[in-house]
Amino acid sequence: AVPVSAAVAAAPPEGAMSNGVYVPASAANGDVKPVVSTTPLVDFLMQLEDYTPTIPDAVTGYYLNRAGFEASDPRIIRLISLAAQKFISDIANDALQHCKMKGTASGSSRSKSKDKKYTLTMEDLTPALAEYGINVKKPHYFT
Amino acid sequence: RSGSKHASTPADNYYLARRRTLQVVVSSLLTEAGFESAEKAAVETLTEMLQSYISEIGRSAKSYCEHTARTQPTLSDIVVTLVEMGFNVETLPAYAKRSQRMVITAPPVTNQPVTPKALTAGQNKPHPSHIPGHFPEFPDPHTYIKTPTYREPVSDYQVLREKAASQRRDVERALTRFMAKTGETQSLFKDDVSTFPLIAARPFTVPYLTALLPSELEMQQMEETDSSEQDDQTDTENLPLHMSTDDSGPEKENASVLQQNSSLSGSRNGEENVIDNPYLRPVKKPKIRRKK
């Protein structure tokens with residue numbers, strides 16, 4: 001935890017300090033709100049040992065090494081894998097919403113709720129990804 | 001990433017194992033979200049996105065870290081990266097504490113294949129100091145060292161005699177053919193001239209002349225060893241004395257040659273004045289001037 005706090009403490013002495021994040025003078029007026037504060041995350045990082053992310057550390061570490069990122073702290077790797085997981089989870093949830101909307105929009109009977117088996121198809125995934133600005137175009141068939 | 005089914009290198013296997021793990025992770029996340037099944041294309045898409053997302057976070061965090069003249073990325077770098085990628089960092093702790101969580105086992109670590117003791121031959125060359133230790137070793141010495149071998153020459157008496165005899169026969173044959181092609185020939189068959197050429201026999205009218213006359217080399221040596229002009233004169237006198245007893249018909253140019261003290265080999269080709277064959281022209285030796 002020493003390098004983490006050292007980086008946070010490296011903020012210049014001028015300007016207002018709130019939550020350990022350097023806030024420029026203009027922001028103190030209330031025009032710009034600091035979006036991120038690292039303090040809760042620092043605490044979170046300590047607790048991270050209890051929550052093992054789904055992606056194994058070795059796999060995340062492998063892809064980070066390929067990008068040139070050498071992790072000093074294994075908890076940093078877990079943080080990144082957690083963030084990536086959440087990214088995919090959010091997309092999956094959006095796709096599920098699309099799937100459910102398609103199911104109930106056609107006006108199926110209320111007695112029988114939409115069957116519990118949802119299949120992720122490209123037709124659901126494409127609009128979900130489009131909201132994130134990712135456009136996928138896959139051919140309908142492969143010859 | 002190779003799509004072929006052929007044997008892949010250990011690096012490819014390494015890559016594929018991790019990719020498969022990501023696919024499993026994606027599948028588990030989809031199951032968590034509530035999907036029962038998914039299209040293969042959709043899973044592939046999400047896997048690709050997950051891989052590139054992780055790589056992008058790594059690259060971007062590294063860039064931010066290096067931007068501030070540091071080498072070790074810290075939490076702040078990652079937070080800034082996630083913010084730049086449009087990720088809401090505040091929701092992260094809540095997500096971490098969600099109820100249904102699945103853990104995937106990591107792919108097994110495979111060691112480098114070690115060649116068994118039976119196959120190694122000789123001692124591998126050790127690494128020079130400029131090569132790091134984690135590099136692979138040098139190959140076995142038998143792959144690059146070569147010792148030249150010499151074949152013992154054949155020393156069997158019979159084989160050697162045969163070889164000598166055949167060589168001699170070949171040399172004779174070649175020489176006679178050469179002389180037949182360059183000189184005059186007689187043919188055994190009336191019609192066919194070229195098949196079996198024989199060297200023409202032109203007997204000298206005075207066969208013993210060549211034995212009596214000194215060769216050109218001897219003439220030159222006699223010139224050099226004589227210190228007085230008288231010796232030269234006696235030499236030139238002696239020779240025409242011999243000549244006068246001969247039939248000078250075919251050898252008339254010999255006398256003229258002798259008087260000039262030039263080459264004598266014109267006696268061999270009695271009939272021809274000019275030798276047009278370059279191989280049969282006499283050898284021209286440089287004249288050695290004797291300083292008086």
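Reckoned from all heavy atoms, side chains included, excluding hydrogens, waters and symmetry mates. Below, read A as the first sequence line, B as the second, and so on, with proteins coming before strands; counting in each chain starts at 1.
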To the nearest 0.5 Å, what is the distance between CG on B/L22 and OG1 on A/T54? 11.5 Å

Considering only heavy atoms, which portion of A/E123 lies under 4.5 Å from any heavy atom of chain B: side chain, backbone, both, or neither? side chain

Counting only heavy atoms closer than 4.5 Å, note whether A/L96 contacts chain B via side chain, backbone, both or neither. both

Stepwise side chain to side chain contact (heavy atoms under 4.5 Å, CB included) check, A/M122 with B/T45: CA-CA 9 Å; A/M122 286 307 291; B/T45 309; 3.9 Å; yes

Please find the pair of heavy atoms, one from A/F87 and one from B/F87, that lie closest to each other, and give the distance. N-CE1, 4.1 Å

Mind checking the CG-CD1 spacing from B/L29 to A/I55? Nearest 0.5 Å is all I need. 7.0 Å

How about CE on B/M179, more than 12 heavy atoms from neighbouring residues, nucleotides or ligands closer than 6.0 Å, or not? no

Check the surroundings of atom OH in B/Y144: do more than 12 heavy atoms from other residues, nucleotides or ligands lie under 6.0 Å from it? yes

Quick check on side-chain contact (heavy atoms from CB on, under 4.5 Å): which of B/I57, B/I54, B/T21, B/V25 does A/T60 satisfy it with? B/I54

Is A/Y62 close to chain B through its backbone or its side chain, or both, or neither, when contacts mean heavy atoms under 4.5 Å? side chain

Engaged part of B/L50 at the chain A interface, taking heavy atoms whose separation is under 4.5 Å: both

Between atom CG of A/D124 and atom CD of B/E39, what is the distance when rounded to the nearest 0.5 Å? 8.5 Å

Which one wins on heavy-atom pair count under 4.5 Å against chain B: A/A71, A/S81, A/A92? A/A92

